Amino acid sequence: IVAIEMQSYSYNPSPIHLEAGQPVMLQFVNRSSGGHNFTAREFFAASRILAGKVRDGEVEVAPGGARTLRLIPAAGIYKVHCGHPFHSMLGMKSTIVVR
């Protein structure tokens, strides 16, 4: 399990390190009072989603909420950001490194 905390305005850990071809459970936890998402279209397109919901390359997490996703990631370096207005500009972006 890799826990990814969403805060105003960051992801923790950053960068996110995963192993290629190894099933992993990503647990997204929103620790803020505002909504956030985890937008990583190229990462999700290259991964094999086993369980959980990804819509248009995004995982939306309500304030104080959590979402879980199980997938098999493909090797590569991928960009991630929060797609909410101005959140990325305020620093809510990171990188996913899959080796």
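These figures come from a predicted structure and were not determined experimentally.
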Return all side-chain donor-acceptor pairs below 3.5 angstrom for residues 65-79, not counting sequence neighbours, or 'none' if the list is empty.
from	atom 1	to	atom 2	distance (Å)
Arg67	NH1	Glu60	O	2.7
Arg67	NH2	Lys53	O	3.2
Tyr78	OH	Ala74	O	3.0
Tyr78	OH	Ala75	O	3.1

Non-hydrogen side-chain atoms of [X] and [Y] separated by less than 4.5 Å:
{"X": "His84", "Y": "Asn37", "answer": "yes"}
{"X": "Val29", "Y": "Val61", "answer": "no"}
{"X": "Phe44", "Y": "Phe38", "answer": "yes"}

Atom of Gly35, atom of Pro63 and distance for their closest heavy-atom approach: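 The pair with the smallest heavy-atom distance is N-CG, 3.6 Å.
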
Which donor-acceptor pairs under 3.5 Å do side chains of residues 87-99 form with protein atoms, sequence neighbours excluded?
from	atom 1	to	atom 2	distance (Å)
His87	ND1	His36	ND1	3.1
Ser94	OG	Ser14	OG	2.7

From Tyr11 atom OH to Ile4 atom CD1, the distance as rounded to the nearest 0.5 Å: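 That separation rounds to 9.0 Å.
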
Ring pair (Phe, Tyr, Trp, His ring centres under 6.0 Å) partners of residues 46-71, not counting sequence neighbours, each pair once: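 Residue pairs with at least one partner in residues 46-71: there are none.
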
N/O donor-acceptor pair under 3.5 Å between Asp56 side chain and Glu58 backbone: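 Here the side-chain-to-backbone pair does not exist.
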
Under 3.5 Å donor-acceptor, Asn12 side chain and Glu5 backbone: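 Judged by distance alone, no pair lies under 3.5 Å.
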
Same apolar cluster (I L V M F W Y, side chains within < 4.5 Å links), Met25/Met6: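 Hydrophobic grouping puts Met25 apart from Met6.
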
More than 12 heavy atoms of other groups within 6.0 Å of Glu19 CD: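 No, not enclosed.
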
side-chain contact (heavy atoms from CB on, under 4.5 Å) between Tyr9 and Ser32, worked out: CA-CA 9 Å; Tyr9 297 90; Ser32 75; over 6 Å; no

